[in-house]
Structure formats: structure tokens, C-alpha cells
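Both counts, for ligands and for their atoms, begin at 1 and track the order of listing. This chain uses plain numbering: 1 for the first residue, then up along the sequence.
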Amino acid sequence: MRVLVIGSGGREHALCWAIGASPLLEKLWCAPGNPGIAKVAECVPIGVMDFPSLVAFAQDNRVDLVVPGPEAPLVAGITDAMEAAGIACCGPSMAAAQLEGSKTFTKEIADAAGIPTAKWERFDDAGAAREFVRRRGAPIVVKADGLAAGKGVVVAATEDEALTAIDSIMERRVFGEAGASVVIEECLIGEEVSIFALCDGTSAILLGSAQDHKRVGDGDVGPNTGGMGGYAPVPAFPPEAERAAFDRIIRPALAEMHRRGIPFRGILYGGLMLTADGPKLIEFNARFGDPECQIILSRLRSDLLPALQAACDGELGNFDLRFFETSAVAVVMAARGYPDAPERGGEIKGLDRAAAVADALVFHAGTEADTEGRIRATGGRVLTICATGATLKAARDRAYEAVDRIDWPTGFCRRDIGWRALGR
Ligand code: AMP
Ligand code: GLY
């Protein structure tokens with residue numbers, strides 16, 4: 001098969017690494033990719049939102065399957081664009097990607113399908129939203145309805161905080177049109193986990209779950225990020241609970257989408273809160289998580305590529321994927337200043353030495369090679385160091401052993417990944 005992966009992060013590096021191991025693969029490209037991805041795929045300098053060039057590239061190179069990583073092209077319709085050109089694309093259509101693109105849509109699907117989730121209400125009018133907050137009191141959660149690069153959610157501990165959030169989202173439009181309306185929700189209390197399924201429109205395969213660490217600092221302090229690291233399996237979410245959440249949350253959503261004539265294909269990501277009343281849905285995403293993808297794929301024993309193809313063909317019903325019984329830990333290394341003002345340009349050394357740690361994998365995200373071939377940081381999250389082991393502790397020790405071999409003075413990472421399972 002000739003395959004094109006779209007994206008340039010650690011998630012796409014892991015996808016390319018897994019697809020690259022398939023005996024079915026003839027040729028692998030990644031657009032635009034990064035220097036780490038360049039070791040397993042041919043990188044082509046096309047941006048993830050440049051649909052005409054991506055489609056033309058796929059046609060000219062007789063690509064059999066396109067695998068988009070990030071949400072932005074999915075929500076903007078990359079799957080529709082590829083399929084219109086007769087090219088299989090393992091992702092949801094623009095209509096189905098609303099599960100990530102619109103919070104209201106997700107809540108409507110959840111309610112229609114009887115999926116446990118926080119009670120919610122939507123407001124197009126800031127005055128009505130403020131009145132609702134005053135009536136309900138804190139804690140309460142305010143969300144911009146549209147895509148806001150993961151930043152449009154305020155978990156307000158006080159009424160004032162909620163009112164300020166409404167002001168900045170709806171009146172000052174800090175997230176632009178994504179803030180034309182807000183969803184205001186009951187605040188759920190508990191531990192968070194992410195669950196992942198590969199879907200073909202009617203059937204789904206459980207890929208597993210992982211726990212992310214969203215705050216930038218040790219001890220879960222500081223601003224929210226795209227994710228600073230994670231691990232699997234999650235002791236607070238054992239296999240029976242995972243299976244039950246798959247049956248109560250993922251499958252009903254898939255059935256409801258199918259019933260509405262917008263079948264969901266691709267990776268469905270459920271962000272769950274493990275509340276005292278059981279797992280409840282916080283949000284759906286229409287793609288793999290980053291760094292959760294790296295964690296899940298590092299434990300995958302089966303060939304990923306035929307599963308992705310089967311998802312496109314509607315043939316997952318008789319499909320199975322097997323995973324190693326290992327634990328996996330991923331540590332994200334970010335540029336100093338992330339998430340607010342990451343430093344660019346710092347040279348990164350020791351990448352090969354880090355990758356030489358047994359059962360460790362080094363995935364690139366925000367890196368570039370300079371004219372002398374030195375690897376430099378370009379942005380926020382720069383590397384994901386992933387390791388597997390017989391126990392979570394062994395996996396974590398290996399991951400940090402590899403991290404400590406990276407020589408990058410302007411980078412940093414959290415040192416407490418896995419603390420909910422292992423202690424600090
Ligand atoms: P999101 O950007 O939608 O991933 O949300 C960011 C974070 O906000 C989530 O990971 C949760 O930690 C938190 N969050 C969202 N909705 C709720 C809720 N209803 N109750 C408590 N926390 C929430
Ligand atoms: N790690 C969280 C996300 O990918 O959205």
C-alpha cells in the first residue's frame with residue numbers, strides 16, 4: 001500500500017512508525033512531517049490545510065490510503081476532499097467531525113444516545129449566560145462552542161471566574177467565531193482518562209485508554225497544555241471499566257451518528273471523567289490524542305495498516321487488534337516558556353543515545369534540521385519520549401532514563417508523569 005500521513009507532531013511520528021512496520025506497506029509519505037518522521041517516511045512540504053495540494057499529491061503518487069492526524073483538517077473536510085477524488089481517507093467526514101468541532105453537537109448526540117455526561121445548556125446571548133451562572137453558582141464550566149485550540153474551556157471555581165470567561169469568550173471574542181455561543185456545564189469531579197476506538201461507521205474496535213497530564217507543571221499546576229505526558233494502563237480504569245465505557249459511551253455515539261446519516265469513521269476519542277457515579281463523557285475528539293497515540297501504539301502488537309484500511313472499507317466488524325501486556329509511559333519535552341511563549345531554536349543533542357535505551361522510543365514534534373543537520377526546537381511540544389516495561393514503574397524509569405540522555409538546555413519536562421498511579 002501507498003500511504004500518506006498528514007501532520008507533523010509526535011502523534012504523526014508514532015503513526016508513521018507503526019504504519020512503517022507493516023509488511024503491507026510499499027511507500028510512506030508524510031505531509032509536512034518533521035526530521036524524526038523523515039527517518040521512517042518521505043516528508044513532503046505541504047501544509048495540513050492545503051487541501052488542493054494534498055489531493056493533487058495523493059493523486060499524482062497513486063496513494064491508496066490517507067491518514068490525517070490533527071483535528072483542524074478533519075473538521076475542515078480533508079476526508080471529503082480526498083474521497084471526492086476517489087482516495088480512501090481514514091478519518092471522519094466534515095459532518096461527522098462536528099463531534100470535535102462543536103460542543104453543542106456533541107452534547108446533543110450524548111443526550112439522544114443516553115450517554116452519561118454533565119448537564120448542560122447553550123447560550124447565544126451573553127446576558128442570558130451570565131444570568132444562568134448567577135442562578136447556578138460555582139463551580140461551573142464555561143466552554144466556547146467552536147474549536148479554540150484546546151483553550152476555550154474554563155473550569156470556574158467561583159462565579160466571578162465564570163462571568164469573566166463569558167465576557168472574554170462572547171463579548172471580547174478572544175477565540176473569534178468559536179465564541180459566538182457558549183456551552184455552560186455542571187462541573188464533574190474525578191480522575192480523567194481518555195478512551196480510543198477505531199470506527200468504521202457501524203463497528204468499532206477498542207484501542208485502549210490512557211491518562212494525560214494537561215497542566216504544564218509538576219503536581220498538576222500552571223496553565224493547561226496539549227498534554228505533557230501520559231501512561232497506560234490506568235489502574236483507576238481497569239479493563240472491565242474500559243469495556244463498560246466502550247459499550248455505554250463509544251458504541252451508542254456511533255449508533256446515533258449512523259442513525260442520523262453521518263456515520264463516524266476513523267479514531268473516536270472520548271475524554272471521560274471517572275466520577276463517583278461512574279465514567280461520564282467530557283468531550284469527544286475526532287482523532288487520536290497526542291501524546292496518547294504514542295502510548296497506545298507503543299503497546300500495539302498487531303499490524304495497524306490493515307485495520308485503518310478496514311475502517312475505511314466498513315469491515316471492522318470481524319477485525320481484531322492485539323496489544324502487548326506491557327505498560328507504557330510517555331514524557332513530553334517542551335521548549336522553555338511553553339505554553340505561553342516557547343523559546344525557538346535551541347539545539348537538541350543526544351537523540352540517538354536516548355533512543356538506545358531499551359524499549360524506549362523518541363518521537364519528534366516541534367523539531368527542524370538546520371543547514372548543518374543539527375536538530376533544533378521550533379515550538380511548543382518538541383519531543384515525546386515513550387517507553388514500555390513489564391510494570392508502570394519500569395516503563396517510567398526507562399522513559400526518564402531516555403529523557404536524561406537528551407542534551408537540550410532550553411527544554412523541560414514534567415518529572416512526575418504517572419503520579420496518580422505511582423505516587424509522587
Ligand atoms: P477540553 O478543552 O474540552 O478538552 O477541556 C479541557 C479540560 O476542561 C478537560 O480536560 C477537563 O479537565 C475540563 N473540563 C471540561 N468539562 C468539564 C466538566 N464538565 N467538569 C469538569 N471539568 C471539565
Ligand atoms: N492530549 C490531549 C489531546 O490530544 O487532545
Side-chain angles (χ1 to χ4, degrees), residues 7 9-12 14-15 68-72 74-75 99-107 110 115-122 133 136 138-157 161-162 165 169 175 178-179 182-196 209-216 220 222-232 267-277 279-297 330-332 334 339 363 365 380-381 384 386 414 417 420:
R11 166 181 52 206
E12 289 77 26
L15 284 166
E71 62 273 23
L74 290 167
V75 170
L99 270 186
E100 170 146 12
S102 163
K103 303 249 189 294
T104 311
F105 181 77
T106 300
K107 292 303 255 185
I115 294 168
T117 187
K119 290 197 209 68
W120 66 288
E121 220 153 309
R122 174 199 157 126
V133 164
R136 282 298 165 90
I140 197 158
V141 181
V142 180
K143 304 184 170 185
D145 187 40
L147 265 190
K151 292 183 188 133
V153 175
V154 175
V155 181
E161 244 181 278
I169 296 171
F175 306 114
V182 289
V183 168
I184 302 187
E185 281 183 15
E186 161 199 14
C187 187
L188 301 174
I189 313 281
E191 230 179 273
E192 274 182 61
V193 294
S194 313
I195 186 168
F196 297 91
S209 53
Q211 187 168 63
D212 193 6
H213 297 55
K214 295 225 164 122
R215 301 296 189 114
V216 75
D220 287 338
N224 257 322
T225 70
M228 293 301 293
Y231 67 95
I267 305 284
L268 185 58
Y269 163 161
L272 312 184
M273 189 75 87
L274 305 180
T275 73
D277 301 331
K280 292 195 179 177
L281 178 72
I282 298 173
E283 58 164 358
F284 279 125
N285 293 312
R287 51 164 176 93
F288 252 131
D290 184 340
E292 292 95 326
C293 176
Q294 296 87 307
I295 296 165
I296 300 241
L297 293 185
V331 178
V332 168
F363 295 116
R381 294 190 294 170
T384 310
C386 201
R414 278 182 63 161
I417 300 303
R420 282 180 188 275

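- Close contacts of ligand 1 with Glu192, meaning ligand atoms under 4.0 Å from a residue heavy atom, involve 9 (C), 10 (O), 11 (C), 12 (O).
- A salt bridge is defined here as a Lys NZ or Arg NE, NH1 or NH2 lying under 4.0 Å from an Asp or Glu carboxylate O, and Lys143 with Glu283 fails to meet this definition.
- Listed by number with element, the atoms of ligand 1 under 4.0 Å from a non-hydrogen atom of Met273 are 21 (C), 22 (N).
- Here the side chain of Gln211 pairs a donor or acceptor atom with the backbone of Glu192 at under 3.5 angstrom.
- Within a 6.0 Å sphere centred on CZ of Arg136, heavy atoms belonging to other residues, nucleotides or ligands number 12 at most.
- Within ligand 1, the atoms closer than 4.0 Å to a non-hydrogen atom of Glu283 are 1 (P), 3 (O), 4 (O), numbered from 1 in the order shown.
- Ligand 1 has at least one atom lying under 4.0 Å from a heavy atom of Cys187.
- Here the side chain of Thr106 pairs a donor or acceptor atom with the backbone of Leu99 at under 3.5 angstrom.
- In summary, the atoms of ligand 1 found under 4.0 Å from a heavy atom of Lys143, numbered by their order in the structure, are 15 (C), 16 (N).
- Between the side chain of Arg381 and the backbone N or O of Gly227, at least one donor-acceptor pair lies under 3.5 Å.
- A distance of 14.0 Å separates NZ in Lys103 from CD1 in Ile184, rounded to the nearest 0.5 Å.
- In this structure, the side chain of Arg414 engages the main chain of Arg215 through a donor-acceptor pair within 3.5 Å.
- Under 4.0 angstrom from ligand 1, the non-hydrogen atoms of Leu188 come from both its backbone and its side chain.
- For ligand 1, the atoms sitting less than 4.0 Å from at least one non-hydrogen atom of Val155 are 8 (O), 13 (C), 14 (N), 22 (N), 23 (C), numbered in the order shown with element in parentheses.
- The shortest N or O to N or O distance between Glu185 and ligand 1 is below 3.5 Å.
- Side chains of Val155 and Pro139 form no contact here, defined as non-hydrogen atoms less than 4.5 Å apart.
- If you look at ligand 2, the protein residues with a non-hydrogen atom under 4.0 Å away are Asp212, Gly226, Tyr269, Arg287, Gly289, Asp290, Pro291, Glu292.
- Ligand-side atoms of ligand 1 in range of Glu186: 18 (C), 19 (N), 20 (N), range being under 4.0 angstrom from any heavy atom.
- Glu186 places a side-chain N or O within donor-acceptor distance of the main-chain N or O of Lys119, the cut-off being under 3.5 Å.
- Looking at Thr225, its side chain never comes within 3.5 Å of a backbone N or O of Val216 through a donor-acceptor pair.
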